[in-house]
4 protein chains.
Amino acid sequence: MYAIRNKVQLIGNLGQLPEIRTTETGKKVARFSIATNDTYRSANGERITQTSWHNVIAWGKLAEISEKYLTKGREVAVSGKLVHRNYTDKNGVKRYVTEVVLNELLMLGGGKGQNENPDWQEEEQVEPEAEG
Amino acid sequence: MYAIRNKVQLIGNLGQLPEIRTTETGKKVARFSIATNDTYRSANGERITQTSWHNVIAWGKLAEISEKYLTKGREVAVSGKLVHRNYTDKNGVKRYVTEVVLNELLMLGGGKGQNENPDWQEEEQVEPEAEG
Amino acid sequence: MYAIRNKVQLIGNLGQLPEIRTTETGKKVARFSIATNDTYRSANGERITQTSWHNVIAWGKLAEISEKYLTKGREVAVSGKLVHRNYTDKNGVKRYVTEVVLNELLMLGGGKGQNENPDWQEEEQVEPEAEG
Amino acid sequence: MYAIRNKVQLIGNLGQLPEIRTTETGKKVARFSIATNDTYRSANGERITQTSWHNVIAWGKLAEISEKYLTKGREVAVSGKLVHRNYTDKNGVKRYVTEVVLNELLMLGGGKGQNENPDWQEEEQVEPEAEG
DNA sequence: TTTT
DNA sequence: TTTT
């Protein structure tokens, strides 16, 4: 997918530690949820906060980073694409799931691990060349 | 919601004409779905296209614009926020729905209506002032 | 401008306190710069960090929020539009300036002011209505 | 750069054909500009359109795609990062340049080339694996 | 220099 | 259910 066609960005906090699995071929998969908070005033002036929980899935290197650095409550910025799946559960009921498949993960708020080993922050990028 | 915390952007095509309703207070609501296409090569070199269908809801003025200008197949760029709702259907089954609540709508590919009355393209914006 | 046509998003830190001015009509204007850091490995394996400084301008309510809450070093997420201006300076030299005109500002990393008075976090939004 | 920290997105039209160069190491570089149009009403009700011209640079494969498919007037969606450079011109005057370095390019409005050879639309992506 |  |  050209990411520009289908892009989600969330800035919020992790609800729990990521759940880590491994595919049969040895690829890591991380799942976690992110809360985004919406604060507004109701018609009668009361302040209301609504929290949305978003399911996020990370594959491969991003799953490994998630496993190493993400903790409950951690503030993150993520971007990815929006995917919808359906499956039939063990009771034969058809289920619909919407997930954000990560392609970027940024830890916010300083400290707490990612700075001890900043390797994952580096892009797969070489030094820019001069034009000929 | 600070839109920067929860933002979805899609560029794709409408599957059908929008469905239009009106709230009890007279506010318009438009619902439609947008297809985003994902083309990649499988492990054995075959070209595969996967289509994702995203449910979109527009309120108020954006619903009116949707009603006037959106047609089946139309290419659009939209941005909005990702919301998750659940409800119990007429058979008592709990249903989960994920929708993109629009806050921006841009028609792509030229012509076909929106240019006949470009009013809706104008921002609620006044002439910039000089600094004192 | 339909924001979807011209959108910049930055996550980084303030270089200095915002500079605040007021227009002749009493509207506040805030200017500040945000550093975004780019870390990569050079061809010979050395880790290199490049910092980009982006000029940001905020008008009206966003300028007031910037004045109240933004401090040197503060981590923020902003979005806005990219504008290019030119002017002739006091020495008669033509100058080109590129700025990000804010339309969203989010303070990251917790604490330090914005939570003491969260009013500015609220959207101009009323309670959602049910569909008729 | 983690793209999530510094991201620009533009939807607009090319002013001219891209200019193509090649680095000493044989890498292609494409430069072009994109117009984004801003329509609003002035204080006295007059409709005003302001055009912003953004300098865009594409490297490597994106430069090759730009060379092959982009034409004057073409409607595109791009995303990239915002960079600021300065250099001294042949008259010894220091110049500042702001550019958008592309990492995504999507041609809008159908037809006109990119469909004759859709290879470039495919992601470097393999078939998703099932979880173990 | 574009486009609607 | 779309589009290329």
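Values below: all heavy atoms of this structure, side chains included; hydrogens, waters and symmetry mates excluded. In what follows, every chain begins at residue 1, and chains take the letters A, B, ... in the order their sequences are listed. From a predicted model like this one, the values you see are computed outputs, not experimental measurements.
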Self-check item: Distance (rounded to the nearest 0.5 Å) between B/Tyr40 OH and B/Glu46 CD
Solution: 9.5 Å
Nucleotide [N], atom [atom2] - distance to [atom1] of [X] in whole Å:
X        : N     : atom1 : atom2 : result
C/Arg5   : E/dT3 : CZ    : P     : 14 Å
A/His84  : F/dT2 : NE2   : P     : 18 Å
B/Phe32  : F/dT1 : CZ    : P     : 19 Å
D/Lys72  : E/dT1 : NZ    : C1'   : 6 Å
D/Met107 : F/dT3 : CE    : P     : 20 Å
B/Leu17  : F/dT3 : CG    : C1'   : 16 Å
D/Ile48  : E/dT3 : CD1   : P     : 22 Å
D/Leu108 : F/dT2 : CG    : P     : 20 Å

Quiz item: Are the side chains of D/Leu70 and D/Leu105 in touch, meaning some heavy atoms are under 4.5 Å apart?
Solution: yes
Quiz item: Does some side-chain heavy atom of C/Leu82 sit less than 4.5 Å from a side-chain heavy atom of D/Val100?
Solution: yes
Quiz item: Going through the distances and angles, do B/Asn103 and B/Ser79 end up as a side-chain hydrogen bond (donor to acceptor under 3.5 Å, both in side chains)?
Solution: CA-CA 6 Å; B/Asn103 50 41; B/Ser79 75; 3.3 Å; yes
Quiz item: For B/Gly73, which contact category applies under a 4.0 Å heavy-atom criterion: base, sugar-phosphate, or nothing?
Solution: sugar-phosphate
Quiz item: Contact class for D/Thr51 vs. all strands (heavy atom < 4.0 Å): base, sugar-phosphate, or nothing?
Solution: base
Self-check item: Residue B/Ala35, side-chain atoms from C-beta onward, closest of F/dT1, E/dT2, F/dT2
Solution: F/dT2
Quiz item: Can D/Trp53 be called stacked on E/dT1 when the rule is centres closer than 5.5 Å and an angle between planes below 30°?
Solution: yes
